[in-house]
Amino acid sequence: MAEKLTAVKGMNDIAPPVSAHWEWLEQTLRALMQRYGYRNIRTPIVEPTALFIRGLGEVTDIVEKEMYSFEDRLNGEQLTLRPENTAGVVRAALEHSMLYDGGKRLYYMGPMFRHERPQRGRYRQFHQFGAEALGFAGPDVDAELIVLACDLWAELGLTGIELEINSLGQPAERLAHRQALIAYLEQHAAVLDEDARRRLHSNPLRILDTKNPAMQDVVNGAPRLMDHLGSESLDHFNRLRGLLDAHGITYRINPRLVRGMDYYNLSVFEFVTTQLGSQGTVCAGGRYDGLFEQVGGKPAPAVGWALGMERILELLKEQDLLPAQPAPDAYAVVPDAAIVPRVMPVLRLLRQQGVAVQMHAAGAEGMGSMKSQFKKADASGARFALIFGPDELEQNRVAVKPLRGPRPGEGAEQAPGQVLQSLAEVALWAPSLRGA
Ligand code: ATP
Ligand code: MG
């Protein structure tokens, strides 16, 4: 036998029954975005490498060590599998002049790629759902996006997700803070790790984001960016806080929250949980007013967030909130393979009437015994078995047998016994099979 091939490390197959959880989450997200007026955008998975270098910044975890970059063998172009999708959305907005008639609210979902050490909640191909509000400057859209995420948690039933916020101010304010920060960190050079020492003069702010336990004391005592903000930045931050208060949304101000990309300014935020081990950030984002210019366009304000779908699903599982597997309404029991040509068109009619029906399919030994067929019918979770027995077919009828009692709320009467239904009048009785 040939050597068995496996998926690339850190990249997962999503198959039934788990894929049903994904579809349910995606559906919930789409419906929520629709209510908030956000519309879907789909950009390519491969982008020019320069988009991420310019958009995210050279001295970031992603650009320094996590990108899947390669040269197109045919034309020598430098390409990268997208590690995130904000830069791609901004590129697309510029390329198609999407902001010519005002701001746009957009959402996306799909795979992202980062070469990280795979572990629980951290994969090399993972999936993000993201929301971006392009062309709006005020803190009202910042608040809208945060409220939207809170609504998502509520709708999914998730609890224990906490909001942290901070302000990164504007570039000039960060510059003033930077001097103070470098001076402080230089005094503590002995405790800085290799990453921190390398970033001390290129991107000292990012050091505050360190996950190294040995450096926590030092970063906790570092000069706070918040103390270097001017009145406009503080005003934006305070208005955001006021809007969150107006919704009764609680949050913690985390002065060390700096986010992993250079493109952020003013509001930044993360939703975190303690229930997922060390990969506890489930959703993160902020304002990125500088990104449009960074990728070669006219400046435009923007704000957005991305959530890690694997982490949300993991948390849903942790809190026992995943929905039951979808089951067919009916399972067709077919005693004799010779009648399949009569059965299949009936099942098609039922499906055209909105009934989910699964047909017992032949195995290598034919259709199998009635007993084994009923076992399959039961395992399918269907509420009804449709029995295409020879006597019934003779009269142009099918036997409909309930496999389960009535659903909650359907009345307390006994589950009805088997009934015969006319194959000439499928449309009349099909609705009685349909799920709620
Ligand atoms: P972390 O600090 O955990 O590395 P990040 O700051 O790199 O996160 P973002 O780029 O802000 O993450 O991505 C937004 C969200 O996407 C994260 O909050 C997380 O839920 C999810 N995410 C990021 N990287 C991964 C990954 N490798 N595997 C699974 N989910 C991820
Ligand atoms: Mg990361």
Side-chain angles (χ1 to χ4, degrees), residues 7-12 14 22 25 29 51-52 55-57 59-68 80-90 107-132 145-146 149 152-153 156 158 160-166 168 195 199 203 205-213 216 219 254 256-264 267-288 291 303-318:
V8 175
K9 186 176 171 203
M11 305 198 181
N12 300 306
I14 302 166
W22 283 79
L25 175 61
L29 282 161
L51 175 66
F52 303 112
L56 277 51
V59 193
T60 54
D61 279 350
I62 292 180
V63 173
E64 278 183 340
K65 50 195 179 198
E66 295 174 0
M67 292 205 302
Y68 283 92
T80 293
L81 298 183
R82 63 184 188 192
E84 58 94 62
N85 205 19
T86 297
V89 167
V90 166
Y107 77 85
Y108 61 80
M109 62 176 119
M112 308 295 157
F113 302 83
R114 298 184 193 177
H115 197 99
E116 305 196 64
R117 192 169 67 77
Q119 52 194 291
R120 183 188 185 197
R122 195 175 289 288
Y123 311 98
R124 290 181 175 172
Q125 176 176 329
F126 63 102
H127 298 76
Q128 283 184 340
F129 180 98
E132 317 282 5
L145 280 162
I146 291 175
L152 177 64
W153 317 144
L156 295 171
L158 287 169
I161 298 179
E162 281 167 14
L163 171 62
E164 297 189 347
I165 64 172
N166 191 21
L168 297 184
D195 260 356
R199 290 174 174 180
N203 200 341
L205 195 61
R206 191 70 59 244
I207 298 175
L208 299 181
D209 195 26
T210 180
K211 291 178 176 102
N212 182 350
Q216 299 306 310
V219 290
N254 176 358
R256 280 184 48 195
L257 183 61
V258 295
R259 308 288 304 117
M261 289 75 141
D262 280 358
Y263 53 55
Y264 288 109
S267 320
V268 286
F269 50 87
E270 290 192 357
F271 287 94
V272 296
T273 171
T274 53
Q275 292 169 42
L276 292 176
S278 48
Q279 266 56 253
T281 305
V282 292
C283 176
R287 186 159 274 287
Y288 50 90
L291 184 55
V303 54
W305 53 244
L307 65 80
M309 296 180 73
E310 281 84 356
R311 293 188 193 175
I312 293 295
L313 286 163
E314 186 75 18
L315 191 59
L316 285 161
K317 188 172 163 195
E318 202 67 41

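Numbering of ligands and ligand atoms starts at 1, following listing order. Heads up: numbering here begins at 1 and tracks the sequence.
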Atom 28 (N) of ligand 1: which protein heavy atom is closest, and how many Å away? Y123 N, 3.0 Å
State whether K211 and D61 are salt-bridged, where the test is any N-O pair (Lys NZ or Arg NE/NH1/NH2 against Asp/Glu carboxylate O) under 4.0 Å. no
Ligand-residue contact atoms, ligand 1 with R114, heavy atoms, under 4.0 Å: 5 (P), 7 (O), 9 (P), 10 (O), 12 (O), 13 (O), 23 (C), 24 (N)
Among all protein heavy atoms, pick out the one at the shortest distance from atom 29 (C) of ligand 1; state its residue, atom name and that distance to 0.1 Å. G121 O, 3.3 Å
Could you check whether the rings of F271 and W153 sit parallel, tilted or perpendicular, using 30° and 60° as the cut-offs? perpendicular
Name of the residue among L152, T273, L315 meeting side-chain contact (heavy atoms from CB on, under 4.5 Å) with L158: L315
Among D209, L208, V268, exactly one meets side-chain contact (heavy atoms from CB on, under 4.5 Å) together with L257. Which residue is that? V268
If you scan protein heavy atoms around atom 30 (N) of ligand 1, the nearest is F126 CD1, 3.4 Å
Per-atom contacts, ligand 1 versus V282 - under 4.0 Å to a heavy atom: 20 (O)
Parallel under 30°, tilted from 30 to 60°, perpendicular over 60°: which one fits the rings of Y68 and H115? tilted
Do E84 and Q128 get their side chains close enough for a donor-acceptor pair, meaning under 3.5 Å? no
Atom indices of ligand 1 within 4.0 angstrom of K211 heavy atoms, with elements: 1 (P), 2 (O), 4 (O)
Apply the test side-chain contact (heavy atoms from CB on, under 4.5 Å) to residues M309 and L25: give CA-CA distance (whole Å), side-chain angles for both, the deciding distance (0.1 Å), then the verdict. CA-CA 8 Å; M309 296 180 73; L25 175 61; 4.0 Å; yes
Around atom 21 (C) of ligand 1, find the nearest protein heavy atom and jot down its residue, atom name and distance. G308 CA, 3.6 Å
Within the structure, is a non-hydrogen atom of Q279 found at a distance of less than 4.0 Å from ligand 1? no
Interatomic spacing from CD1 in I312 to CG in L307 - rounded to 0.5 Å: 5.0 Å
Quick test of your reading of the structure: of R120, E314, E66, R122, whose heavy atom lies closest to atom 1 (P) of ligand 1? R122
salt_bridge(E64, R206) N-O dist < 4.0 Å: no
Taking only heavy atoms of R259 into account, list the atoms of ligand 1 that are under 4.0 Å away from them. 6 (O), 9 (P), 11 (O)
If you count the atoms of ligand 1 from 1 in the order shown, which ones are under 4.0 Å from a heavy atom of A306? 14 (C), 15 (C)
Protein contact to atom 15 (C) of ligand 1 [nearest heavy atom, distance to 0.1 Å]: Q128 NE2, 3.7 Å
What residue and atom, counting heavy atoms only, is the protein's closest point to atom 27 (N) of ligand 1, and at what distance? E116 OE2, 2.7 Å
Please state which option from V268, L56, T281 has its nearest heavy atom closest to atom 18 (O) of ligand 1. T281
Report yes if some N/O of E310 lies less than 3.5 Å from some N/O of ligand 1; otherwise report no. no
So, R311 and E270, do they make that salt bridge, N to O below 4.0 Å? no
